[in-house]
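Chain letters run A, B, ... following the sequence lines, proteins first and then strands; every chain starts at 1. Because the structure is predicted, anything quoted here is derived from the model rather than measured.
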Amino acid sequence: MSRLSQTFLPTLKDAPADAEAISHKLMVRAGLIRQLGAGLWTYLPAGWRVQRKVHEVIRAEMEGIGCQEMLMPVLQPAEAWEKTSRYAIEELFKLEDRKGSPLVLAMTHEEAVTYHVAREVRSYRDLPLMVFHIQTKERDEPRPRAGVLRTREFTMKDAYSFDRDEEGLARSYDLQAGAYERILDRCGLRWYRVESDVGMMGGSGADEYMAPCPAGENEVALAPGYAANVEVASAEPQPVELPAPLGAPEEVDTPGMTKVEEVASHLGLPQGAFIKTLPIVVEGRGMVLVLLRGDHRLNEIKLRNGMKTDFRQASAEEIEEQLGPVGYLGPVGSGLPIIVDAALTGDSYVTGANKPNTHLRGVDPSRDFEAYAMDVRTVEAGDTAPGGGRIEIETAIEVGNIFKLGTRYSEPLGATYLDENGAEHPIVMGSYGIGPARIAAASIEQRADERGIVWPPALAPWQVHLVSLAKAGEAEREAADRLYEELRAAGAEVLYDDRDAGPGEKLTDAELLGCPLRVVAGRRGLAEGVVEATERASGEEHRLPVEEAAAQALALLDD
RNA sequence: CGGGGAGUGGCGCAGUCUGGUAGCGCACUCGGCUGGGGGCCGAGCGGUCGCAGGUUCAAAUCCUGUCUCCCCGACCA
């Protein structure tokens with residue numbers, strides 16, 4: 001029963017004042033969601049229909065690759081999280097039961113699924129195994145934002161694969177990747193798969209599925225044949241013209257000039273002719289200098305991955321004490337370990353002299369100090385990608401990610417199997433997440449127009465939005481009632497606007513909600529024996545004879 | 001966690017500086033008109049002004065504390 005007069009579908013003329021993202025505004029206005037608290041959202045009936053549509057697509061594709069659905073609890077004993085050392089994660093909600101036993105609210109389900117597999121799987125004959133569930137996740141996000149895009153509680157489809165070796169993992173990974181591609185295509189998204197940071201998840205590889213749109217939180221470096229999260233992207237920098245080399249570094253007075261741009265304009269050099277010196281501290285190892293070209297930015301993730309250890313920025317006191325005045329820092333004569341960005345290939349740079357109001361010019365990294373070269377800069381638009389293409393940077397929503405976990409969880413949780421020779425091995429795992437809420441939001445971000453949402457058929461809460469422009473009791477209304485019954489009988493998902501409201505309100509609501517086909521039954525058309533069907537995406541209008549309207553509407557949807 | 005902003009009826013807001021009867025638009029209810037793009041007329045319902053404390057004859061307004069929400073950044077296993 002989907003008569004709008006009896007449906008809990010509260011639409012709004014204005015977006016909430018504090019909403020910024022398009023999907024946030026439209027989901028609230030169209031009556032799909034309402035907020036309960038920061039990062040906590042309720043799905044109203046129409047919004048939940050959309051979520052279920054996404055779930056169904058995911059379910060079908062998971063089952064299609066032999067991945068079996070199950071369901072694990074969100075509330076979990078803390079013990080397994082202690083074993084995998086994820087209990088320390090700040091985003092993890094922690095609580096106690098009445099007996100004082102420590103519990104957590106799961107942010108993802110590696111611990112739980114591995115716990116079970118560790119107990120049930122013994123033999124190589126039980127492998128490979130792939131399971132998934134669609135379950136709530138809880139994360140104590142420091143800053144929820146943009147409606148449903150970053151929340152503290154959300155539903156995720158997470159799948160897990162269990163194989164005997166890396167080769168098996170590669171096969172499972174490819175199966176999942178194929179399913180992900182079909183899921184996103186069926187949901188009508190523009191997307192790409194990018195290399196990503198494996199992060200503290202460990203393991204040997206990770207890819208993310210990104211849906212480009214302005215509300216995204218991620219930056220992706222794209223070029224023909226190349227796609228990577230900016231977090232891990234590498235590229236050839238844009239060239240820079242350096243001054244003539246000198247026989248040895250030479251001091252220049254730069255009074256009061258502590259910024260690269262100030263010294264650059266003073267000396268008439270491009271910012272790329274400078275070396276930026278960033279002092280960091282590696283706990284237990286002390287201060288390290290990281291050198292970057294003056295016009296480049298540090299990529300902390302690449303640096304962390306390259307060093308294989310965490311670090312922090314040095315404090316002002318540490319810098320003054322061990323190196324020199326902030327604003328005039330440089331590598332020459334520092335005596336500290338140095339990491340030089342791979343883009344610093346020239347032989348005549350300007351950098352700080354570690355003395356007030358003084359810089360050095362003619363600095364040659366290969367001659368004037370010892371350094372370890374590493375690619376640690378953030379790529380930027382205009383750089384040259386590994387395939388030779390020009391890099392573009394685009395913002396995107398991460399709608400899914402797939403990880404090769406390896407034995408990161410199976411080892412601490414004792415998930416092992418016996419091979420043909422009776423030898424015990426840790427199970428090799430993969431994990432595969434996808435966010436139904438983000439898929440819906442990304443779809444809105446990518447497809448909406450100034451009138452509202454434009455759903456792809458696979459995600460639409462209803463396929464047909466039937467609008468009667470007549471009042472109850474009028475002959476035109478009866479024709480609309482009949483058409484509603486016919487459409488339902490024909491198996492269409494139809495929302496019937498039978499409210500006693502003005503035509504403007506009904507038509508705008510239909511466009512706001514964005515169902516693929518709007519069918520209007522009004523006096524004007526019915527006088528000529530037709531109803532008007534309008535495709536939401538294209539705006540194309542069709543006049544359907546009343547007697548055949550149901551069948552023809554369904555035919556339009558099949559195109 | 002750093003920076004900025006906001007809490008007044010369901011929604012959007014004014015009133016706060018300069019203390020003195022809580023107001024507007026929309027929505028909602030009732031009646032009527034209208035009926036192809038959020039229409040019109042009339043009559044209504046609805047608010048302890050986030051919370052707590054303080055100053056004062058008197059507090060939405062001044063002071064103190066606190067909670068919540070939003071935005072930017074950091075973070076995001």
- Query: Is any side-chain N or O of A:Arg145 closer than 4.0 Å to OP1 or OP2 of B:C72?
  - Reply: yes
- Message: For the C1' atoms, the ones on B:G9 and on B:G50, what distance do you get once it is rounded to whole angstrom?
- Response: 15 Å
- Have a look at A:Lys506 and say if it touches a base, only the backbone sugar-phosphate, or nothing, with a 4.0 Å heavy-atom cut-off. nothing
- Query: If we take the C1' atom in both B:U8 and B:G31, what is their distance in whole Å?
  - Reply: 31 Å
- Query: Any idea which of B:G35, B:G38, B:C71 is nearest the A:Arg523 side chain?
  - Reply: B:G35
- Message: So A:Glu511, base contact, sugar-phosphate only, or nothing? Heavy-atom distance under 4.0 Å.
- Response: base
- Message: Counting the atoms with a prime plus P, OP1 and OP2 as sugar-phosphate, which does A:Arg34 contact under 4.0 Å by heavy atoms, base, sugar-phosphate, or nothing?
- Response: nothing
- Nucleotide opposite B:A14 in a Watson-Crick or G-U pair, distances under 3.5 Å: none
- Message: Categorize A:Ala19 for me: base, sugar-phosphate, or nothing, with a 4.0 angstrom heavy-atom threshold over every strand shown.
- Response: nothing
- Query: Cation over ring, A:Arg119 on A:Tyr115, under 6.0 Å and within 45°?
  - Reply: yes
- Query: When the P atoms of B:C41 and B:A60 are considered, how many whole Å apart are they?
  - Reply: 34 Å
- Query: Looking for any heavy atom pair under 4.0 Å, which part of the strands does A:Ala146 touch: base, sugar-phosphate only, or nothing?
  - Reply: sugar-phosphate
- Remember a base hit wins even if backbone is also touched, and classify A:Glu398 as base, sugar-phosphate or nothing at under 4.0 Å, heavy atoms. nothing
- Query: Reckon A:Arg451 touches a base, only the sugar-phosphate, or nothing at all at heavy-atom distances under 4.0 Å?
  - Reply: base
- Which heavy atom of A:Tyr192 sits nearest a heavy atom of A:Glu394, and at what distance? OH-OE1, 2.9 Å
- Query: So which nucleotide does B:C69 pair with, by the Watson-Crick or G-U wobble rule with both distances under 3.5 Å?
  - Reply: B:G5
- Would you please name every residue forming a salt bridge (charged side-chain N to carboxylate O under 4.0 Å, His left out) with A:Arg34, sequence neighbours left out? none
- With both distances under 3.5 Å as the test, what is the Watson-Crick or G-U wobble partner of B:G38? none
- Query: So what does A:Glu532 hit on the nucleic acid, given a heavy-atom distance under 4.0 Å: a base, only sugar-phosphate, or nothing?
  - Reply: base
- Query: Expressed as a whole number of Å, how far does the P atom of B:U61 sit from that of B:G15?
  - Reply: 15 Å
- Message: So, does A:Arg143 get its side chain near the phosphate of B:C72, meaning an N or O under 4.0 Å from OP1 or OP2?
- Response: yes
- Take A:Leu44 and A:Phe8 through the side-chain contact (heavy atoms from CB on, under 4.5 Å) test and state the conclusion after the steps. CA-CA 7 Å; A:Leu44 301 180; A:Phe8 186 31; 3.7 Å; yes
- Query: Which part of the nucleic acid, if any, lies within contact of A:Asp500, taking any heavy atom under 4.0 Å across all strands shown: a base, the sugar-phosphate backbone alone, or nothing?
  - Reply: base
- Task: Look through every strand shown and name the nucleotide pairing with B:G44 as Watson-Crick or G-U wobble, where both distances are under 3.5 Å.
- Result: B:C28
- Query: Expressed as a whole number of Å, how far does the P atom of B:G10 sit from that of B:C51?
  - Reply: 13 Å
- Message: Taking the six-membered ring of A:Phe154 as reference, does the cationic atom of A:Lys137 (NZ for Lys, CZ for Arg) lie under 6.0 Å from its centre and within 45° of its axis?
- Response: no
- Query: Reckon A:Arg499 touches a base, only the sugar-phosphate, or nothing at all at heavy-atom distances under 4.0 Å?
  - Reply: nothing
- Can you list every pair that meets salt bridge (charged side-chain N to carboxylate O under 4.0 Å, His left out) and has a residue in residues 537-547 of chain A, with sequence neighbours left out? A:Glu528-A:Arg543
- Message: With rounding to the closest Å, how many angstrom separate the C1' atoms on B:A22 and B:A58?
- Response: 15 Å
